[in-house]
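Just below is one structure, and these are the notes that go with it.
Positions are given from 1, in the same order as the sequence printed here. Just so it is clear, the model here is predicted, and its values are computed rather than measured.
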Amino acid sequence: MSTKKKLALFDLDGTLFNTDEVNYMAYKTALAEFSVDVERDHFLKVFRGRRYKEFIPEIMGNSEHLEEIHEKKKAVYSSFLSKSRPNTHLFNMIDAMKNEYHIAIVTTASKKNVTEILDHFGVSDVFEFAVTQEDMVRSKPDPEGFLTAMEHFGIGPEDTVIFEDSPVGIEAALASGATVFKVERF
C-alpha cells in the first residue's frame, strides 16, 4: 500500500512532449493514401488536442475510412519521433514530485503511440499508470479520463493536480474538480 496521498496527472501531446510535427506528419502520411492533404498550420490550429474520431470526418467530409486512417497514423507515428522533444522542465518537476505524488498520464493518444514515445525517450518507468484513448468512452473535453485515473489511485480531485495544454484538455481538467496548470509552450 502506497503512502502517497496526492496525484499528478499529465497530458502527453503538447504537455509532456512537443509532438506537433510527429502527429502532423503521421496524419499527413495516412491521409495521403486517400489523396487528401491537410495544411500544417490549419491542422495544428484546428485539430491539435482533439480526438481523431472528431477531426478526421471534418478533414475527409465523412467518416468512411476513419479507422483505416487512424491505424495507418499509428503505424507510421514512430518513424517521426525524431521530430518530437520532451518538456525537460516538466520532467524535472515530476522528478521533484515523485516521492509525494502518484504520477500518471491521461491522453487521447493511443496506447501504442504512448508506449512508443515513452520508450523513445527512456521515460516509461516515470509513470505509474496511463489512461489512453482505448480506456475512455468519452474523450476530452469530458473529464472521464482524469476521473478514471483518480479512481484508480483512490485520490479525489482536492488532492489532484493536472497539467494540460489544449483547450479541450483544460476544459476536461477543470470539469474534474482538480487543480489545473496550463502548459503554454516549451
> Taking all non-hydrogen atoms of both residues, which atom of Lys74 and which atom of Glu134 are closest, and how far apart?
Replying inline: NZ-OE2, 4.3 Å
Show every donor-acceptor pair shorter than 3.5 Å between a side-chain atom in residues 170-183 and any protein atom, with sequence neighbours excluded, or say none if there are none.
residue, atom, partner, partner atom, Å
Ser176, OG, Ala173, O, 2.6
Ser176, OG, Ala178, N, 3.3
Lys182, NZ, Glu184, OE2, 3.0

>> Pair Asn18, Asn87 - check side-chain contact (heavy atoms from CB on, under 4.5 Å), show working.
In response: CA-CA 7 Å; Asn18 182 323; Asn87 184 339; over 6 Å; no
> Of all residues at least two apart in sequence or in a different chain, which pass the salt bridge (charged side-chain N to carboxylate O under 4.0 Å, His left out) check with Lys73?
Replying inline: none
>> Measuring from atom CD1 of Ile105 to atom CG of Leu12, what distance do you get when rounded to the nearest 0.5 angstrom?
In response: 5.5 Å
> Going by the side-chain hydrogen bond (donor to acceptor under 3.5 Å, both in side chains) test, which pairs reach into residues 77-86, not counting sequence neighbours?
Replying inline: none
> Which residue pairs pass the salt bridge (Lys or Arg N to Asp or Glu O under 4.0 Å) test when at least one of the two sits in residues 60-69, sequence neighbours left out?
Replying inline: none
> side-chain contact (heavy atoms from CB on, under 4.5 Å) between Leu66 and Lys53: does it pass, once the steps are laid out?
Replying inline: CA-CA 7 Å; Leu66 178 72; Lys53 289 183 178 185; 4.0 Å; yes
>> Using modelled atom types and a 3.5 Å cut-off, is there a donor and acceptor pairing between side-chain atoms of Asp13 and backbone atoms of Thr19?
In response: no
> Minimum heavy-atom separation for Val168 to Lys140, with atom names?
Replying inline: O-CB, 3.8 Å
> With no hydrogens and no angle check, is any side-chain donor or acceptor of Asn92 less than 3.5 Å from a backbone partner on Ile94?
Replying inline: no
>> Using the rule given for side-chain contact (heavy atoms from CB on, under 4.5 Å), can you reason through Glu21 versus Arg40, listing the C-alpha separation, both sets of side-chain angles and the distance that settles it, and then say yes or no?
In response: CA-CA 9 Å; Glu21 292 303 315; Arg40 180 191 177 281; 2.4 Å; yes
>> Using every non-hydrogen atom in the two residues, find where Thr132 and Ala109 come nearest and quote the distance to one decimal.
In response: CB-O, 3.4 Å
> In the hydrophobic clustering that connects Ile, Leu, Val, Met, Phe, Trp and Tyr at side-chain heavy-atom distances below 4.5 Å, which members other than Phe129 occupy its cluster, ordered by chain and number?
Replying inline: Leu7, Leu9, Val106, Val131, Met136, Phe146, Leu147, Met150, Phe153, Ile155, Ile162
> Nearest 0.5 Å, what's the CG-CG distance between Asp95 and Leu90?
Replying inline: 11.5 Å
> Quick one: ring-ring contact (aromatic ring centres under 6.0 Å, His included) partners of Phe17, sequence neighbours excluded?
Replying inline: Phe91, Phe121
> For Ser110, which residues count as a side chain to side chain donor-acceptor pair (under 3.5 Å) partner, sequence neighbours excluded?
Replying inline: Asn113
> Taking only residues two or more places apart in sequence or in another chain, which ones pass salt bridge (charged side-chain N to carboxylate O under 4.0 Å, His left out) with Glu39?
Replying inline: none
> How would you list, by chain and number, every residue that makes a ring-ring contact (aromatic ring centres under 6.0 Å, His included) with His89, sequence neighbours excluded?
Replying inline: none
> Within a reach of under 6.0 Å around CD of Glu158, are more than 12 heavy atoms found that belong to other residues, nucleotides or ligands?
Replying inline: yes
> Got a sec, which residues hit ring-ring contact (aromatic ring centres under 6.0 Å, His included) with Phe127, two or more places apart in sequence or on another chain?
Replying inline: none
>> Using the ring-ring contact (aromatic ring centres under 6.0 Å, His included) criterion, which residues pair with Tyr24? Sequence neighbours excluded.
In response: Phe43
>> Determine whether Met97 and Val161 satisfy the following criterion, side-chain contact (heavy atoms from CB on, under 4.5 Å), listing intermediate values before the conclusion.
In response: CA-CA 11 Å; Met97 299 169 74; Val161 296; 4.0 Å; yes
> Considering all heavy atoms of both residues, which atom of Glu58 and which atom of Glu54 are nearest to each other, and what is their separation?
Replying inline: OE2-O, 3.4 Å
> Can you pull the salt bridge (Lys or Arg N to Asp or Glu O under 4.0 Å) pairs that have at least one residue in residues 118-133, sequence neighbours excluded?
Replying inline: Lys4-Glu128
> Once you round to the nearest 0.5 Å, how far does OG1 of Thr107 lie from CG of Asp135?
Replying inline: 10.5 Å
> When the ring planes of Phe55 and Tyr27 are compared, do they come out parallel, tilted or perpendicular, using 30° and 60° as the limits?
Replying inline: perpendicular
